[in-house]
Amino acid sequence: MYAVRASGLVKTYDQTRALDGLDLEVPTGTVLGLLGPNGAGKTTAVRILTTLLRPDSGSAEVAGHDVVTQAQAVRSRIGLTGQYAAVEERLSGRENLELVGSFFRLDRPKRSARANQLLQRFDLVESADRIAKTYSGGMRRRLDIAMSLVARPSVLFLDEPTTGLDPRSRLGMWQVIEELSSDGTTVVLTTQYLEEADRLADSVVVIDRGAKIAEGTVDQLKDRIGGDKIRVSIFDPSNLASAREALGPLVTGPIELESGSTTTLLAPIKAGGGVVPQAIRALDDCGADVRDVEVRRPTLDDVFLSLTGHRAEADTHNSSETS
Amino acid sequence: MTIDNSSRALSDVGSDPATSLTLADGLRDAATEAGRHLRIMPRNPEVLGFVVIQPVMFVLLFSVVFGGAIEVPGFADYDQFLMPGIFAQTVVFGSSFTAVGLAEDLSKGLIDRLRSLPIARSAVLVGRTFSDLVRNVLTFVVMLAVAFVLGFRFEGSIAGAIGGSLLMLAFSYSFSWIQAWIGLSVGSVEAANAASFTWMFPLTFVSSAFVDPSTMPGWLQPVAKHNPFTRLTNAARALYNGLDPSPDLWWALGWTGLITVIFATMAIRRFSQVSK
Ligand SMILES: Nc1ncnc2c1ncn2[C@@H]1O[C@H](COP(=O)(O)OP(=O)(O)OP(=O)(O)O)[C@@H](O)[C@H]1O
Ligand SMILES: [Mg+2]
């Protein structure tokens, strides 16, 4: 069973092809990470799947209903947290939640009980009766996601839920998403962070210029681009050869000199830890003066580089391509 | 404490909107949306000030500044001629709140949120225009009180006084639908501010609201005479002063109905396509 099925979605704005034949399949109860740089078409895809936007062509079903012809049925089964928090600033947190409850036609005791429950879970009890204008960015984001959960949606759409949050709030948001997923909620989340998809998503779809360029699990993606790397800097270039020799047994692939540097080596390693202390010890033993050792995890940018041969550019307009 | 998203049976939700969206549901949604605005209104002192102070200022300024200088044949006192015109202009101006409010909701992403809920398509706009009507009633009452202090009186029947007032409110309600369409079309709050107001100045001044149109330049007279706003003012003025309101009354009612039908259709259509 699929909670989301989309095929051939196309959406064009003037000369920009925001979506260019996107296909998606999300099995019920799983978390899909929709990865892409700025302007890739993530928000456009979410807007189509949540009935806010009609595709120019292609079709999509969410929770078993067509997003164009059965939009109301879809709306009653989904929750949407958009890229920018959409709360009524002049109402309190509680009033915002009860407002959504009213729109779902919950009676007064039910919507007040649900509001209380969500206020507690999202740590908003103390500020529940203050107007949302006085909330911090993180609080707004929590209220925003709580509002999309009022009617217990079976499919939840989150458009960059952690962009702009501090590390602690981000961790809190990840816990929420994990909890929802273990409750059986299907989650579609867009992100620019590979790390986030790694932590949350059962599978990922990478999009660029409105089309899918890769899909699979995060591990599969990482394997394609070589996974984690160790980056070693030493002080004296004349020690380079012995440093290479010392690192040899610890790495899983060729040791390369970082481009533009004479003292920094890069090499793929197995994911899982323990390599850094071993590397420092080995380098010490061979007499190379170590400046710095770090593990570099692949970023979305690395994925892009290896999949497309170009870096992720902000706001790519494929129409403005000349030459 | 958990989120408890597991029992997502729709039995928990009042009715499954997928299959049954009745008129009662639609009205309930509209009432919920109107309730949001009415709850916010007293928390917004600037807007409330505008609702009360601007009309009071208009009534005072026009009556005091022009009162002595302007004479209108058939009216012993300029105030008796002027007040219905000011009332009509003020409530029609009040419709601009609809455009600005919707543009604001749009820019904050609230319209997106509302559009992702399983509510009647028209509910958000019906709720918005209704709450704006309530605010206009408030403005109207304040203006009436000030006018009475200045010596304005209903010279006709009670029915005429009530009928004239309802006519102006109904006409301004129809304008709220024009403004709803504008607010959803222009793309920013600033643009909505300009686009909602600018055209209402010629509309209300090239009319019978402040002077008799036969004193205007010849080429302007037919414009002023056929202006829907002139029809409204003439009808309300006649009802307030115990004169015969026809045929202006029928014209004013016709315009009210026509504008509502056309612009409500356009605004609701726009609402279901609009994006931030
Ligand atoms: N309303 C619009 N009018 C014109 N162009 C648009 C509109 N919405 C999106 N676009 C364009 O469509 C493309 C995809 O935009 P979209 O917002 O879906 O990207 P995104 O992946 O969500 O980006 P971001 O990470 O910046 O949020 C972009 O080139 C964008 O400029
Ligand atoms: Mg986006």
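A, B, ... follow the sequence lines: proteins, then strands. Residue 1 opens every chain. Since this is a predicted model, take the numbers as computed values, not measurements.
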> Does a side-chain heavy-atom distance below 4.5 Å link B/Arg113 with A/Ser148?
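Yes; the side chains approach each other to less than 4.5 Å.
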> Could you measure the distance from the OG atom of B/Ser116 to the CZ atom of A/Phe103? Nearest 0.5 Å is fine.
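Answer rounded to 0.5 Å: 11.0 Å.
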> Output the distance between atom CG (A/Leu52) and atom CD1 (B/Ile111), rounded to the nearest 0.5 Å.
11.0 Å
> Considering only heavy atoms and a distance below 4.5 Å, find which of A/Leu99, A/Thr81, A/Val150, A/Thr51 pairs most often with chain B.
A/Leu99
> Heavy-atom cut-off 4.5 Å, strictly under: side chain, backbone, both or neither for A/Gln83 against chain B?
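Contact with chain B is absent: no heavy atom of A/Gln83 under 4.5 Å.
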> Which atoms of A/Ala71 come close to chain B, meaning under 4.5 Å heavy atom to heavy atom: side chain ones, backbone ones, both, or neither?
neither
> Please report the closest heavy-atom contact between B/Gly109 and A/Ala86, naming both atoms and the distance.
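Scanning both residues, the minimum pair turns out to be O-CB, 3.3 Å.
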> Can you confirm whether more than 12 heavy atoms, excluding those of B/Trp255, are under 6.0 Å from its CH2 atom?
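No.
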> Look at atom CZ of B/Phe130 and say whether more than 12 heavy atoms of other residues, nucleotides or ligands are closer to it than 6.0 Å.
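No.
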> Any chance CZ of B/Arg269 has more than 12 other-residue heavy atoms, nucleotides or ligands included, within less than 6.0 Å?
no
> Has the side chain of B/Arg36 got a donor or acceptor atom that lies under 3.5 Å from a matching backbone atom of A/Asn96?
no
> Salt bridge check, A/Glu95 against B/Arg43: does any charged N sit closer than 4.0 Å to a carboxylate O?
yes
> Between A/Thr43 and chain B, with a heavy-atom cut-off of 4.5 Å, which part of the residue counts as in contact: side chain, backbone, both or neither?
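No part of it gets close to chain B.
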> Measuring only between side-chain heavy atoms, which start at C-beta, is A/Thr50 closer than 4.5 Å to B/Arg115?
no
> Taking side chain as everything from C-beta outward and backbone as N, CA, C, O, which of these in A/Leu156 sits under 4.5 Å from a heavy atom of chain B? Side chain, backbone, both or neither.
neither
> Measure the CD-OG1 distance between A/Glu98 and B/Thr32 for me, rounded to the nearest 0.5 Å.
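Nearest 0.5 Å value for the CD-OG1 distance: 12.0 Å.
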> So what's closer than 4.5 Å to chain A heavy atoms on B/Leu114: side chain, backbone, both or neither?
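Only the side chain of B/Leu114 comes within 4.5 Å of chain A.
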> As an exercise: rank A/Gln70, A/Arg111, A/Met147 by heavy-atom pairs under 4.5 Å with chain B and give me the winner.
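Result: the option with the highest number of such pairs is A/Met147.
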> Hey, what do you get for CZ (A/Phe104) to CG (B/Asp29), rounding to the nearest 0.5 Å?
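Between atom CZ of A/Phe104 and atom CG of B/Asp29 there are 10.5 Å.
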> Between A/Ile78, A/Val100, A/Val87, which residue shows the highest count of heavy-atom pairs closer than 4.5 Å to chain B?
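If we count pairs closer than 4.5 Å to chain B, A/Val87 comes out on top.
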> Heavy-atom count check: over 12 atoms from other residues, nucleotides or ligands less than 6.0 Å from B/Phe205 CZ?
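Count over threshold, so yes.
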> Would you check, one step at a time, whether the test side-chain contact (heavy atoms from CB on, under 4.5 Å) holds for A/Ser102 with B/Arg28?
CA-CA 9 Å; A/Ser102 299; B/Arg28 188 177 163 177; 5.8 Å; no
> Around A/Arg199, counting heavy atoms of other residues, nucleotides and ligands shown, do more than 12 lie under 6.0 Å from its CZ?
yes
> When rounded to the nearest 0.5 angstrom, what is the spacing between CG in B/Asp25 and CZ in A/Arg105?
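Reported value, rounded in 0.5 Å steps: 4.0 Å.
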> What part of A/Leu118 gets closer than 4.5 Å to chain B, counting heavy atoms only: side chain, backbone, both or neither?
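Just its side chain gets close to chain B.
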> Looking at A/Arg90 and B/Glu104, is there a salt bridge between them, counting it only when a charged N and a carboxylate O are closer than 4.0 Å?
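Answer for the salt bridge query: yes.
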> Counting N and O atoms only, with roles assigned by atom type, does the side chain of A/Arg75 sit under 3.5 Å from a partner on the main chain of B/Ile119, one being a donor and the other an acceptor?
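Flag not set: sc A/Arg75 to bb B/Ile119 has no pair under 3.5 Å.
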